[in-house]
Amino acid sequence: MRGSVMAILLLPVSRGLHRWLPNHVLLRRATVLRNVGRDRSLHGVSGHAHGDRGGLGNVATERPASYIKACDVDQIQQFLLGPRWGLRMKPFGTQGLSMSAEIDEQTVDEGEDVGTNSAGEQPVMEYLQSRGIDIVALEEMEFELPKSKSIIKERLDYLQNVIGLTIKDINDYPLMIGCSVRKNLSPVVQYLQSLKVTKNSLPVVVRKYPQVLHSSVAIDLIPNIRYIQGLGVELKQVGSVLTRFPQVLGYRIEGTMSTSVAYLVMIGVDKRQIGPVLTEKPEIMGMRVSNNLRPKVEFIVSCGIPHLVVGKMIENRPYILDYDVDLKMRPAVDALLELGVRKEALPLMLVQYPELLGMKIKDKVEAKLPWLTAKVGVRREDTAAILEKLPQILVINVPTATKRVHALRDLGLTKDEVAQMIVICPQLLGLSIEKHISPNGEFLVKEMGRDIKELLEFPAFLTYDLELRIRPRFVKIKEKGVNCPLAWMLNCSDAKFEDRLNGGYTPELKVEVDATFDTVGRLRVHQVPKSQDQSLSFKSII
């Protein structure tokens, strides 16, 4: 049987269908055809699933699979090509296998005879042309259409009024005219609506994947939907997933879909996060591992980022898998290095802001450089240092950031001093004036009695929460009578701060930044004091 089916698949597909029907759909239906003799119930799918009550589905379940060898090859090929052809097979005779394919509209539309044309009705082709249909394309495909205008009118009205397609949409995929309203269009549309595909999204789904209209709900659609739900995509999100990427309805579960998901899990994407990742970026299910996913992941790894961290990046920014290696990723990384970004700083930048991999870096830098040099006062040679610490500078809102620069100067700092602080801590450009810059600066001078110039040594003071971090720790060092730099007081965890208080201030203690990867695959910045084997962790970047 396997040989017979494969022989059928290798036959030239006439009538232009090879341009429209994916090979894996033929293979899936071939598998069903091969198995029907062994499983009368077709895994719970009756002849109705094929949109053919009296069709090949029922015939095949009445005889062993070996009988199918005797079938006319063209008849089996018609079955493989789907229910839109409206084939109706006559039952087996008492003398053996006798099947005759007839185009019978009663298996396709409500009680209309394909062989009749009511008096006064214009020919079907002329009617289609009057509705704006490109009949030349239909004639090239040479497939049978009902001869009744009323059937064609019903189909066109359904496509336009119920689904919401335009004549251009129909002309882009004329095979949909061959779909029965009752047997094809209506069941598919009702199923899509049950999956929360909205009225406005329905035409979008069909435009992107018109083959869905002649798919079998039971054989082609339900298994794929159950599979993606099993991956963690919630039912309420299925509609939006299909709207974005309806092609998932036509993929083989055991092919691209399963291998792409398995690869993501292998590189470190949490199984519990697969559903959210696919909900945000369902196109991943159509990406092949060998020529799509793996080259992208390996390029990011080559930048100094471990596989596990790449997995975490994908969990948070799945759209980075859209970036082409040669067209976007590599040019972006090369541009960063050419601008003076240190190679050892590159992993931290990419994890902090993966969008860099898809940017035209030089264009972004050239757009921001005049503002940084003229308005902020930063030297051109310091641009790379700022970019390393705050890659989001490339997309920062200039008017808003300019207001923050002025707020820093209002604290009593000169233009050059503010520029110096921004080079050390460019995150100042993203701070809230009302919540951080103004209240922290006022607290430093009025309540702590410090000189505003201390910010030149530790500009990050302005980034800490006043009520949760600065004030409580200031109260404690005041009670202890400890006089210490701002960094000693703030740049550590609560536990480390208590240890410091108990041990007293050590002037020679200095802190250095060391970017390392922890064991769970998340990139963190650790502050490692030279004189102690202890570290202070900031919040995870991703």
Side-chain angles (χ1 to χ4, degrees), residues 352 376 386 389-390 392-393 396 400-414 416-515 524-532 534-541:
Q352 181 181 354
V376 181
I386 294 176
K389 298 169 185 174
L390 187 71
Q392 294 91 338
I393 191 75
I396 199 167
T400 303
T402 302
K403 293 178 182 178
R404 293 163 183 156
V405 172
H406 292 319
L408 290 170
R409 294 173 185 170
D410 291 341
L411 294 177
L413 300 165
T414 66
D416 289 341
E417 288 171 339
V418 170
Q420 176 186 335
M421 291 169 58
I422 288 174
V423 172
I424 298 173
C425 183
Q427 289 80 4
L428 296 175
L429 294 173
L431 292 179
S432 167
I433 296 174
E434 296 77 15
K435 294 181 179 180
H436 288 277
I437 296 177
S438 295
N440 288 16
E442 183 178 348
F443 184 84
L444 175 68
V445 175
K446 293 184 177 180
E447 298 197 36
M448 293 182 66
R450 303 290 187 104
D451 191 330
I452 196 66
K453 304 299 182 180
E454 286 196 50
L455 293 178
L456 300 179
E457 295 295 327
F458 189 62
F461 173 86
L462 298 174
T463 67
Y464 289 94
D465 187 281
L466 177 58
E467 300 302 328
L468 296 180
R469 176 69 69 93
I470 298 176
R471 190 186 300 277
R473 292 197 178 183
F474 172 68
V475 170
K476 289 185 178 182
I477 66 169
K478 189 175 180 180
E479 291 174 352
K480 289 277 189 177
V482 176
N483 186 19
C484 62
L486 299 177
W488 190 92
M489 179 182 77
L490 296 173
N491 195 7
C492 60
S493 65
D494 290 339
K496 174 54 64 179
F497 177 68
E498 295 296 333
D499 289 342
R500 287 183 176 182
L501 279 180
N502 295 331
Y505 169 59
T506 307
E508 63 272 12
L509 179 67
K510 295 193 177 179
V511 200
E512 290 186 349
V513 176
D514 174 37
R524 298 175 184 268
V525 178
H526 297 285
Q527 305 296 331
V528 184
K530 280 186 177 179
S531 60
Q532 299 180 17
Q534 296 168 331
S535 64
L536 312 171
S537 299
F538 287 120
K539 66 180 181 180
S540 174
I541 291 177

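Side chains of Ser432 and Ile437 form no contact here, defined as non-hydrogen atoms less than 4.5 Å apart. A 4.5 Å side-chain heavy-atom check between Gln392 and Leu429 finds every atom pair outside the cut-off. Side-chain atoms of Met421 and Leu462, non-hydrogen and from C-beta on, do get closer than 4.5 Å to each other.
Remark: Asp416 engages no residue in a salt bridge (charged side-chain N to carboxylate O under 4.0 Å, His left out) (not counting sequence neighbours). Remark: Phe497 pairs with no residue by the ring pair (Phe, Tyr, Trp, His ring centres under 6.0 Å) rule, at least two apart or across chains. Partners of Arg471 under the side-chain hydrogen bond (donor to acceptor under 3.5 Å, both in side chains) rule, at least two apart in sequence or in another chain, are Glu447, Glu467. Among residues two or more places apart in sequence or in another chain, the ring pair (Phe, Tyr, Trp, His ring centres under 6.0 Å) test is passed with Phe458 by none. In terms of the side-chain hydrogen bond (donor to acceptor under 3.5 Å, both in side chains) criterion, Arg404 has no residue partners (sequence neighbours excluded).
Rounded to the nearest 0.5 angstrom, Ile452 CD1 and Phe461 CZ are separated by 8.0 Å. Distance check: Asp499 CG to Ser493 OG gives 8.0 Å after rounding to the nearest 0.5 Å. Interatomic distance, Thr414 OG1 to Gln420 CD, rounded to the nearest 0.5 Å: 8.5 Å. With values rounded to the nearest 0.5 angstrom, Arg450 atom CZ is found 5.5 Å from Asn483 atom CG. Atoms CG and CD, from Leu486 and Glu457 in turn, are 10.0 Å apart once rounded to the nearest 0.5 Å. Going from atom CG of Asn440 over to atom OG1 of Thr463 covers 8.0 Å, rounded to the nearest 0.5 Å.
Pairing each heavy atom of His436 with each of Tyr464, the nearest pair is ND1-O, 3.5 Å. Taking every heavy atom of both residues into account, Arg409 and Val418 meet most closely at CG-CG2, 3.6 Å. Minimum heavy-atom separation, Leu413 to Leu408: CD1-O, 3.7 Å. Closest of all the heavy-atom pairs between Ile433 and Pro439 is O-CD, 3.6 Å. Minimum interatomic distance between Pro426 and Leu390 (heavy atoms only, all atoms of both residues): O-CD2, 3.4 Å. Contact record, Cys425 with Ala460: SG-CA, 4.1 Å, taken as the closest heavy-atom pair.
The backbone N or O of Met489 sits less than 3.5 Å from a side-chain atom of Arg473, completing a donor-acceptor pair. Judged purely by atom type and a 3.5 angstrom limit, Asp451 has no side-chain atom pairing as donor or acceptor with the backbone of Glu454. Judged by distance alone, the side chain of Lys389 and the main-chain N or O of Ile424 form a donor-acceptor pair under 3.5 Å.
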>> One pair to check against side chain to side chain contact (heavy atoms under 4.5 Å, CB included): Lys453 and Glu417. What are the steps and the verdict?
In response: CA-CA 9 Å; Lys453 304 299 182 180; Glu417 288 171 339; 2.8 Å; yes
>> As a quick check of understanding, evaluate side chain to side chain contact (heavy atoms under 4.5 Å, CB included) for Thr402 and Val376, giving each step before the final call.
In response: CA-CA 8 Å; Thr402 302; Val376 181; over 6 Å; no
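The salt bridge (Lys or Arg N to Asp or Glu O under 4.0 Å) analysis of residues 422-445, with sequence neighbours excluded, yields the pairs Glu442-Lys446.
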